[in-house]
Amino acid sequence: MSAFDQLARPIQKWIRGQGWKELRKFQSDAVHAVMDASNDLIIAAATAGGKTEAAFLPLISQVLESDVAKAGGFDLVYIGPLKALINDQTRRLEGICDSIDLPVVPWHGDIPANIKERARRNPRGLLLITPESLESLFVRRGMEIQRLFGGTNAVVIDELHTLLDSERGIQLRSLLTRLELATGHGIRRVGLSATLGDMELTKAYLRPEDASAVKLIKAEHSGAELRLQLRGYVSGGDGDDGATTRQIAGHLFEKLRGSNNLVFAGNRQQVEIYADRLRVMSESAHLPQEFFPHHASLSKGHREFVEDKLKSGNPTTAVCTSTLELGIDIGDVTCVAQIGAPFSVAALRQRLGRSGRRAGQPAILRQYVIEAGLSSNSSIADRLRLGLVRTVSMTELLLEGWCEPPKPHSLHLSTLVHQILSIIAERGGASAQRLFVSLCQRGPFRTVDQTIFLALLRNLGSHDVALIEQAPDGMLLLGEKGEKLVEHYSFYAVFSTPEEYRLVCDGKEIGTIPVDNILVPGTLLIFSGRRWQVIELHETEKIILVKPAEAGIPPKFGGDPGDIHDCIIQRMFMLYVDDNIPVYLDKTAVELLTEARAQFEHLGFERTSVVETGEGISWIATRQGSVGNLTLMLALQSAGFKVQLHDGFLEVDGRKSELPLLQALQNFAEGEAVTVDWDNANLMFEKFHPYLSTQLLELDACSSRIEIERLPQIANAILANL
DNA sequence: GACCTGCTGCGGCGTG
C-alpha cells in the first residue's frame with residue numbers, strides 16, 4: 001500500500017488541499033514507519049523540509065482510526081524548546097486539524113491561564129508544551145498525570161539536538177521516563193532534527209534501554225548548491241579594531257543591502273557594534289534602514305519587530321546572536337554571515353541551514369575573520385593565527401558533514417538534584433529506592449551509581465543544606481528550604497540566569513543588561529542599535545532610565561568559556577602541516593594561512609610539542625580540545641606553574657615552580673597522583689550546584705569539563721613528540 | 001573565550 005493510502009481520509013483530503021503532488025521520499029518512509037510498527041523514530045531532515053508533517057500526518061491518522069477504547073487524556077504530545085516555535089507549530093497543526101474534531105493546545109508561560117485550565121479539565125487532541133511547563137504539571141498536578149496522559153500515543157520532540165545532552169535535555173528525558181512510569185505504559189518517542197552528529201549515540205539518548213530499536217529516517221541531501229567565502233582581515237594590532245570593523249561593515253553593507261540576511265556577530269556586544277555601524281552607513285547614504293540588531297537582552301517588542309520585518313518581504317538584515325539559530329519561521333534568507341570563529345560545527349551548520357531554503361537558491365555562507373597585525377613582539381597566539389585556522393578547521397568539518405556528538409559520560413548532578421525534589425513534590429514523598437530506580441536505573445542518570453546517589457541524598461538532607469528530610473518510616477520529604485524552592489515558579493527551569501537591570505526610556509522597556517556593568521548617570525551607551533544616556537539608576541528595582549543621545553559604547557554582557565571538541569583541534573594541527581589551500585579563502589585569508597604554517601614550522605612545532613619561547617616560558621602543543629586542555633592546565637597549576645589556555649596549546653610560565661616542566665609532564669605520564677586545587681577551580685556553573693558538597697562538585701566537573709584519568713595519556717602523547 | 005532557552009497562583013484593581 002502506498003504511504004498516501006495508509007493515511008486517514010481527512011488527512012488525505014488535507015494533502016490534496018495543499019496542492020501537493022506527492023509526499024517526499026522521507027515523508028513516505030515516516031508514514032510507513034509510524035503505521036506499520038511501533039518503534040521510536042528519529043526524523044532527520046533540513047530546516048523547513050517538512051519534518052513536522054512527516055511525523056504528524058501519520059500520527060494523527062492513527063489517532064483518528066484507533067477504535068480501541070481510549071484511556072483518556074491528550075492523544076499526542078509535542079515538546080518544543082521555544083515558546084515562539086510552539087506558536088508557529090500550533091498554527092501549522094491547526095491547519096491540518098481544522099476539519100477534524102481534534103483540538104490543538106499550545107501550553108507555555110505566555111498562554112492565558114483560562115485556556116490551560118479548560119484543556120486540563122477536558123484533555124484531548126494535540127498538546128504542544130515546553131519542558132518547563134511539563135515539569136510544572138508534574139510538580140503541581142502530580143496526581144493528575146495519569147488522567148492527562150494515560151491515553152497518549154506518542155511524544156514528538158522538536159529540535160532534538162538542542163534537547164539532547166544539555167541540562168534541559170536531561171530534564172526532558174527524565175520527564176519522559178516519569179511519564180511512562182506514572183501512566184504505566186511505554187509511549188513512542190519521535191525526535192525531529194536537522195543537525196545531529198553521531199546517530200547511534202542519538203538513538204541511545206532517545207531510548208537508552210533499547211537504542212537498537214530506534215528507527216532512523218533521513219531525508220536525502222537536498223543537493224542545494226553551497227557558496228562559501230572566508231575573508232581574512234588584519235587589524236592594527238594595537239587593540240584598535242575600529243578600522244577593521246568599519247571595513248567588514250562596509251563589505252556587509254555593499255553585499256547584503258536589498259535582500260534578507262542573517263549576520264551572526266559572535267556576541268551581544270559585537271552585535272551592537274555592527275548594527276550601529278550599519279545604521280550609520282544607511283543614514284549617511286540617505287537609504288532606508290535595513291539593518292537591525294537581535295539578541296536576547298533586547299525587549300520582546302523590538303525582537304518581534306525585527307522578526308516581522310524579516311517575514312514582511314522588505315529587504316531586512318538581522319545582526320544577531322544564536323537567538324535566530326533555531327527553527328522559528330522567519331521566511332527566506334539569502335545569505336548567512338559569520339563574524340569571528342564560531343564555537344561549534346553544529347551551530348555553524350544550523351546557521352547555514354537558514355539560507356538557501358527555496359528550491360533552486362544556493363545556500364550562501366560568508367565568514368569574516370580578524371587577525372592581529374604582527375610586530376617583533378607579537379604573541380605566539382597571534383603568530384599562529386589560531387582564530388583563522390580554527391575557522392578553516394570547522395569549515396572543513398562542516399563540508400564533510402561532521403558535527404559534535406552528545407557527551408554520554410556526564411553525571412548532571414545539578415539536574416539530578418532538581419529531579420529528586422520534583423519527584424518528591426509530585427508524589428508528596430518518595431523512598432530512596434524509588435528515586436534511584438526512576439532516575440538512575442530507568443531514567444537518564446545512568447552514570448550515577450548507588451554510592452554517588454546515596455552521598456547526594458545524604459548531602460541534600462544534611463543540616464546545612466536541608467532541602468530534604470526523612471520521615472520516621474523512611475520516606476523522603478521536602479525540607480523547609482526544599483519546599484520554598486519548589487513552590488516558587490522559578491523552580492521549573494534547570495538552567496540558571498544572571499541578574500539584570502532593565503533599561504527604560506519614556507516608560508518603555510528597551511531591554512536588559514547584566515548588573516555587573518558599572519553605570520552612573522551621564523554614561524553613554526549603544527544599545528538596541530541606538531545611542532543612549534543614563535539619567536537615573538534605581539538599585540533596588542533594578543531599573544535604569546535612559547534618554548536618546550548622540551554617542552556611546554556598548555555594555556558588557558559577560559558569558560561562559562566555550563567548549564571546543566577534540567576533532568576541531570586535531571583538524572587544526574593537520575592544517576598547519578598541510579600545503580593545500582582551500583578554494584573558499586580570499587587573498588588575505590590565504591596569506592594568513594600561509595603565514596600561520598610558516599610560523600608553526602619556524603617555532604619548531606613540526607618537530608616537537610614543547611617549545612621554549614622565553615625565559616622560563618614554554619608553549620605546549622597539547623593537541624587537545626577544551627576538556628583535555630583544562631585537565632592538563634589544572635594539573636600544571638597544582639604543580640606551581642602559571643598557565644594560559646589557547647586552542648590546542650597551553651602557555652606555561654615555570655618561573656615560580658619547583659619542578660622543570662618536562663619533569664612535571666613525566667610525573668603525570670607515570671600516573672603520579674595529582675592534587676588539584678579544587679577550591680580555586682570555580683566548580684559552580686549550574687543552577688543547583690550551590691547545594692552540593694565540594695566532593696560532589698568535583699565528581700560532576702570530572703564527568704563533564706575535566707578528565708583527570710586521561711592525564712597520563714595526554715602527558716605521554718606530548719613526551720612522545722619531543 | 002559565548003550564546004540561548006523557561007516560569008504558577010493569586011491578590012488587587014478597574015470596567016461593564
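Just so we're on the same page: letters track the sequence lines, and every chain starts at 1. All of these numbers come straight from a predicted model, not from anything done at the bench.
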[N] phosphate, OP1 or OP2: any side-chain N/O from [X] under 4.0 angstrom?
| X | N | value |
| --- | --- | --- |
| Lys687(A) | dG6(B) | no |
| Arg120(A) | dT8(B) | no |
| Ser490(A) | dT8(B) | no |
| Thr130(A) | dC7(B) | yes |
| Arg168(A) | dC4(B) | no |

Looking at [options], which one has an atom nearest to any side-chain atom of [X]?
| X | options | value |
| --- | --- | --- |
| Leu82(A) | dG6(B), dT8(B), dC4(B) | dG6(B) |
| Arg303(A) | dC3(B), dT8(B), dT5(B) | dT5(B) |
| Asn267(A) | dA2(B), dT8(B), dG6(B) | dA2(B) |
| Thr323(A) | dC7(B), dC4(B), dA2(B) | dC4(B) |

Hey, which sits more toward the 5' end of DNA chain B by its nearest nucleotide, Ile564(A) or Trp107(A)?
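Result: Ile564(A).
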
Given that Arg351(A) and Ser133(A) both sit by DNA chain B, which one's nearest nucleotide is further toward the 5' end?
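Of the two residues, Arg351(A) wins.
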
What do you reckon, are the aromatic ring centroids of Phe264(A) and Tyr274(A) less than 6.0 Å apart?
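Aromatic pair excluded; centres sit 6.0 Å or further apart.
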
Identify whether any heavy atom of [X] sits under 4.0 Å from a base atom; if not, whether one sits that close to sugar-phosphate; answer base, sugar-phosphate or nothing.
| X | value |
| --- | --- |
| Thr497(A) | base |
| Ser136(A) | sugar-phosphate |
| Tyr492(A) | sugar-phosphate |
| His295(A) | sugar-phosphate |

Between Pro293(A) and His302(A), is any pair of side-chain heavy atoms under 4.5 Å apart?
yes

Side-chain heavy-atom pair Ser174(A), Leu439(A) within 4.5 angstrom cut-off:
yes

Measure from [atom1] on [X] to [atom2] on [N] and round the result to the nearest Å.
| X | N | atom1 | atom2 | value |
| --- | --- | --- | --- | --- |
| Leu298(A) | dC3(B) | CG | C1' | 14 Å |
| Gln338(A) | dA2(B) | CD | P | 14 Å |
| Lys484(A) | dG9(B) | NZ | P | 20 Å |
| Ile129(A) | dT5(B) | CD1 | P | 19 Å |
| Glu500(A) | dT5(B) | CD | P | 11 Å |
| Leu421(A) | dC7(B) | CG | P | 20 Å |
| Lys116(A) | dG9(B) | NZ | C1' | 11 Å |
| Glu117(A) | dT8(B) | CD | P | 13 Å |

Just by distance, with hydrogens left out, do [X] and [Y] show a side-chain donor and acceptor under 3.5 Å apart?
| X | Y | value |
| --- | --- | --- |
| Thr391(A) | Gln367(A) | no |
| His294(A) | Thr323(A) | yes |
| Thr415(A) | Glu686(A) | no |

Under the 5.5 Å and 30° test, is Phe343(A) stacked on the base of dA2(B)?
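Stacking is present between dA2(B) and Phe343(A), given that their ring centres fall under 5.5 Å apart and the planes under 30°.
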
